[in-house]
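Written out below as structure tokens is the structure these notes cover.
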Amino acid sequence: MALAFCGDEGNSTAYNVDHGVLNNGCFVDALNVVPHVFLLFITFPILFIGWGSQSSKVHIHHSTWLHFPGHNLRWILTFILLFVLVCEIAEGIVSDGVSESRHLHLYMPAGMAFLAAITSVVYYHNIETSNFPKLLIALLFYWTLAFITKTIKFVKFCDNDVGFSQLRFCLTGLLVILYGMLLAVEINVIRVRRYVFFKSPKEVKPPEDLQDLGVRFLQPFVNLLSKGTYWWMNTFIKTAHKKPIDLKTIGKLPIAMRALTNYIHLNEAFEAQKRKNIGSGSIWRALCCAFGRPLLLSSTFRILADLLGFAGPLCISGIVHNVGKGNNTIRPQTKILGVFFISSQEFLSNAYVLAVLLFFALLLQRTFLQASYYVAIETGINLRGAIQTKIYNKIMQLSTSNMSMGEMTAGQICNLVAIDTNQLMWFFFLCPNLWAMPVQIIVGVLLLYYLLGISALIGAAVIIVLAPVQYFVATKLSQAQRSTLEYSNERLKKTNEMLRGIKLLKLYAWEHIFHSSVEETRQKEMTSLKAFALYTSISIVNRKRPAREDWNNYSSHMRRPINITEADDFCVKITNGFFTWMPEGPPALSNIDIRIPQGQLTMIVGQVGCGKSSLLLATLGEMQKISGNIFWSSPEKESSVDMEFRKRGSVAYASQKPWLLNATVEENITFESPFNKQRYKAVIDACSLQPDIDILPHGDQTQIGERGINLSGGQRQRISVARALYQQTNVVFLDDPFSALDIHLSDHLMQEGILKMLREDKRTIVLVTHKLQYLPHADWIIAMKDGYIQREGTLKDIQKSETELFEHWKTLMNRQDQELEKETIIERKSVLERTNLRRTMYSREALLKDDEDDEEEATESDDEDNLSSVLHQRAKMPWRACGKYLSAAGILLLPLLVLSQLLKHTVMVAIDYCLARWTSDAIAAKTELELRNCSVCKDFNHSPYSKVFSILCCLGIVLCLVTSIAVEWTGLKVTKKLHSSLLNKIILAPMRFFETTPLGSILNRFSADCNTIDQHIPATLECLSRSTLLCVSALAVISYVTPMFLIALVPLAIMCYFIQKYFRVASRDLQQLDDSTQLPLLSHFSETVEGLTTIRAFRYEAKFRQKLLEYTDSNNIASLFLTAANRWLEVRMEYIGACVVLIAAVTSITSCLYNNLSSGLVGLGLTYALMVSNYLNWMVRNLADMEIQLGAVKRINGLLKTEAENYEGLLCECSIIPQNWPDRGEIQIQNLSVRYDSNLKPVLKHVNAHISPGQKIGICGRTGSGKSSFSLAFFRMVDTFEGRIIIDGIDIAKLPLQTLRSRLSIILQDPILFSGTIRFNLDPEKKCTDSMLWEALEIAQLKHVVKALPGGLDAIVTEGGENFSQGQRQLFCLARAFVRKTSIFIMDEATASIDMATENILQKVVMTAFADRTVVTIAHRVHTILNADLVIVMKRGLILEYDKPEVLLEQEDSVFASFVQADK
């Protein structure tokens, strides 16, 4: 067949110019080539020479990037133009196919136009990125010429009576409109930017974000093509494969996406709602108002994608129909200007055209779908940031009572931030489904009705009938999930308490009680999970995964000056104050009239629970005021707290329970203040922190774990006080700063810190203390009793007016009323002494290692081999963890799981094949009937086909159910086994494990990791196996239908492999970054909740809010990059899927036309090809998810390797150990040497002692001398590597641990209470009667407190015992020990938080109530052991002195005597 531009028929119509050149169709088409050739010649040199050198620069960072006016419109018009040109090329080829010779002019100009359109957009993009608009003049000429030439062609068509029935006429008309609109866009750029034809061009700067090189998230700034295909992510994902992604790599968030920007949007919407509804704003309406617009855009994209989704089945139907007829295009009758014209119907009856249209429809549909997902998730992330900021603002306003009374716990707030805000984000992500789904169903049913007739309505009726069943299943699913969540929260709460009190549980041998309690809750959780799994299996649905404050609205109130007639030499004054914790509750403080003098030291004293700490908090405005006034003096005016409480200055406050940040020691002390080396050194010295800092692995740059987990009580307290000393505030409040310190540290802190640093600076100091020996230093004393002020004044005032009180104090102080004249000389503790400190938990590994194994920790290293091996590990799948997970399922479940999946997919393919064969045979029979044209011939028998089809369908349904149940069952079995093993291992682990492993890390295994194994892995496993097997079966079917397809499959498979390889590495890094940036955010929330009083006292709300914004933005940028990476993968996989469909369509059409392939199999092949495009990205996504989720299995397996304590003893419980052992309480310590771990130095060395039955022993010594280690040795909590302890004739090393620990009693320094009732806290084993419990409470001076509570012994104790004061908690711990009534009783610094009066009563009670028991007391205050029978003085793990106290006091050089002297 001849090939010529104008065709080579015998007639000369094509070259006829009798009626003028413009009336010749071929000439007009030739004329249309001119603009395109012009553009290509003009732009190519500029593109390849001008930008060749800059292209890489432009690609790396778009610092000059600026969108010209009409940017998006230009891209949209260009895309439409390209599609119309493809249609024009196709129309030319199809219409020319019926001619004797080829007419190049029908499709060559369109091909040139296609090239020119691509060039124009590339050229425009380069001009835009380099901000050089003058070169756009070339495009202006191009659009003008193209518009003119196309218009000429269109006019000539009209002249020759070519109308709308001809497709070419419609396409030409469309092109005229498109070129005209592009010309208008170009003219608009000139009008706005004035780069040509104007004297002064308009200077425009790029967006602020792009001028900041830190912004790497370019999605909002790139062009439409890059936005739709995430092309800008290519460089990022390639880089991720070379080096791990960190926060520095992902940079900062663009301004519009930052939490502050979105918070302001939300708040403005909320305030507008409040104004409309007069006072009460709806958070829902505010959210819709602030974030509704992008959601609308997302929904539009979604509906467009869904509508385009129907193009697939329609095109396949058309292809099957056309190939059945032999793809015979109706011969066009219309011949004008020497060429044939075809209609759109004739055009669409070509199978190849439909294949190309199917390809474009798929590309567009997938692009719209991913755009919808991206916009919805981005909106959700922005919304999450705004909500988190709003919640944080609300927390900053919460009253302390909300927290202490258990109305709002730190756990609830963390749940709110971690889970609920994410749920809200996903709700907005799923929102477009609400209106997209009904559209899909309606259009689907209409199409089916059009194709199948009444049968479609029967199918729709079945869907409608099943809807209530689906609703019922969905309701049950949500109920099961809700109850699972509740039980999960309860289990975590119990696990958290168990881990926090693990030392106490081990010492009291209560592990089994808490273990069974956690297991019981886990059992309930598993029941819920089973219900959830059952309903999931039935549904066979894949499971995937009022605030009213402004940012700063404090200055809205009016100031009202208060006139005060008294002298203004006070700092704070409270008049007639009544304060309560609860709005309706009784006043905790009554009739408060106090004055705190300016620039002086005020001390507040009184018994435990009398309201000393409450008075400080009331002064700071933390309590609810019933009546009265608080006045703070200020330089200009005094202001009432009523009017403008926030205007009081910053107060340096050290709370009774030390509050520390999860930061370095230095950051905790400087606390956001500028660093002053001299002052910092002075504070460190005053608080005696230097020796402690010296033994930390990184000195003062060591990271303090959550809640100071890696520090002793005394160290935490001193850092908290150091923070208050370091601040340059005028007022300092110290709440019982000496409670956890021994006498030497207390004295040094008092002398060097409080008296020297603070009082000499004329700072106002308020000190709550039980150490009455410091009263002579006080300028002003406030004595409290039962929530009111007993007396205030100077010590001399009280001596004169309250003689009885003064005498009482004097007795307690055990000294004459005189100024403290001595300076306690504190000898420097050597580093060696401190190294033996019992807190040997500063292991670098625990503090600095992440939970992940070494192989996953890609540290930057100069050693390239090391880096490459790390990168190699990152690219590998964790098959070992996968094997561990599946092997935990057992030997029966695993084969069932694999077989059911394979059988299910085999049956699915068989069903489709049966349908295809049935269709083909029916069509063939019908055709045969028509050919024979016989009326006697039998009709086609459908019966055997329908029987086989029905049987296969039933089998498929059964197998679907079996597969789903097998997956869920496997998941349940594995999760039950792993949680049980983990709990057993952890609860029996040695104490050393808890000291070296951060609590948060262990808790994460029980919470996040168990949740992943419970709910996510089974779903991902099911989804992964389904999508993989679907893809494999689809490719197998296509290859069976058209073997030629296998050739094209090879390059596509290679592309797929590399895309998934690069994606998996980036995805895992980003997922880990997303998780790791969430931890500081949650930690910041819980820190803020716990330190609310301190933050507000310091007036640091603004600084902490700023920190929150930084943490939120870090988390959001990681989430956004992860979303963009997912979209990057999906777009590419979808496009590869579209290529598979195109290749499959073309090869199967060709096979059908030339190799007699049946049309039914063509339909089958194409249906499966569509399935590939759907499931290809799911396969890779699930693979990446599985890889991340298997990390949970890996981490739990890591913990399962922990060695348990040796609970077995050489002696059998029943035979040799007497029932009432130890009945006498005789202790023999023979050559005892103890260490915390086999690789650490001994903390006790060759200790020998003999304690007779019923003796009262006092042990004293400096911090780190080995006192506590001595007490722990009795319980075998430390490694005894030499010597032995014999109690009542039995070597404790031979006893089972459970027996040993259950027969002794100890009270620890840190008071630990569990949530529950008072009865549970005293006697969890339920062995005692009520009278025994009341007796213990009476001994502990708590009977009157408990009697006053509603419920008495059954009164509620909140988490950590927060509803009792520190001193009361300590007394409850004493009562708990009294209940046990063992013959040996150990008190480890048990009265540190108790006032002297209560302590003295306790000491007497202990001496009388325990007259026949052996009592070992480890003392901070040496005077508490003066009445002991024997005193042991320890130093560096050795016994220094061992005798009766009176004997030691008589010796002048006795260390004990110097301690007593210092304690006066």
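Side-chain atoms are counted along with the backbone in the values below, which use heavy atoms only and exclude waters and symmetry mates. Predicted model only: the values in this text are computed from it and were never measured.
- By the ring-ring contact (aromatic ring centres under 6.0 Å, His included) test, F301 is found to be paired with F368, residues two or more places apart in sequence or in another chain being considered.
- In this structure, L266 and A290 approach most closely via the heavy-atom pair CA-CB, 4.0 Å.
- Ionic pairing of R1026 and E1022 is present here: one or more N-O contacts between side-chain nitrogen and carboxylate oxygen are shorter than 4.0 angstrom.
- Annotation: W659, atom CH2; neighbour count of heavy atoms from other residues, nucleotides and ligands within 6.0 Å is above 12.
- Under the 4.5 Å side-chain criterion, counting only non-hydrogen atoms from C-beta, S1315 is in contact with K493.
- Close placement of the F1104 and H1084 rings is indicated, their centers lying within 6.0 Å of each other.
- R491 pairs with exactly one of E486, E497, E525 by the salt bridge (charged side-chain N to carboxylate O under 4.0 Å, His left out) rule, that one being E525.
- Atom-to-atom distance recorded for M396:CE and Y1100:OH is 12.5 Å, nearest 0.5 angstrom.
- No salt bridge links K1107 with E1110; every basic N to acidic carboxylate O contact stays at or beyond 4.0 Å.
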| Taking it one step at a time, do N1126 and Y373 satisfy side-chain hydrogen bond (donor to acceptor under 3.5 Å, both in side chains)? | CA-CA 10 Å; N1126 286 339; Y373 287 161; over 6 Å; no
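- When side chains are defined from C-beta on, K252 does not count as touching F217, because their heavy atoms never get closer than 4.5 Å.
- A pairwise comparison of heavy atoms in Q219 and K227 identifies O-CE, 3.0 Å as the closest pair.
- The neighbour count for K976 NZ, taken as heavy atoms of other residues, nucleotides or ligands under 6.0 Å away, does not exceed 12.
- With a 4.5 Å cut-off on side-chain heavy atoms, F1085 and I391 count as touching.
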| task | Determine, step by step, whether R1105 and T1088 satisfy the side-chain hydrogen bond (donor to acceptor under 3.5 Å, both in side chains) criterion, reporting the C-alpha distance in whole Å, the side-chain angles of both residues, the deciding distance to 0.1 Å, and the verdict. | result | CA-CA 10 Å; R1105 282 189 183 118; T1088 304; over 6 Å; no
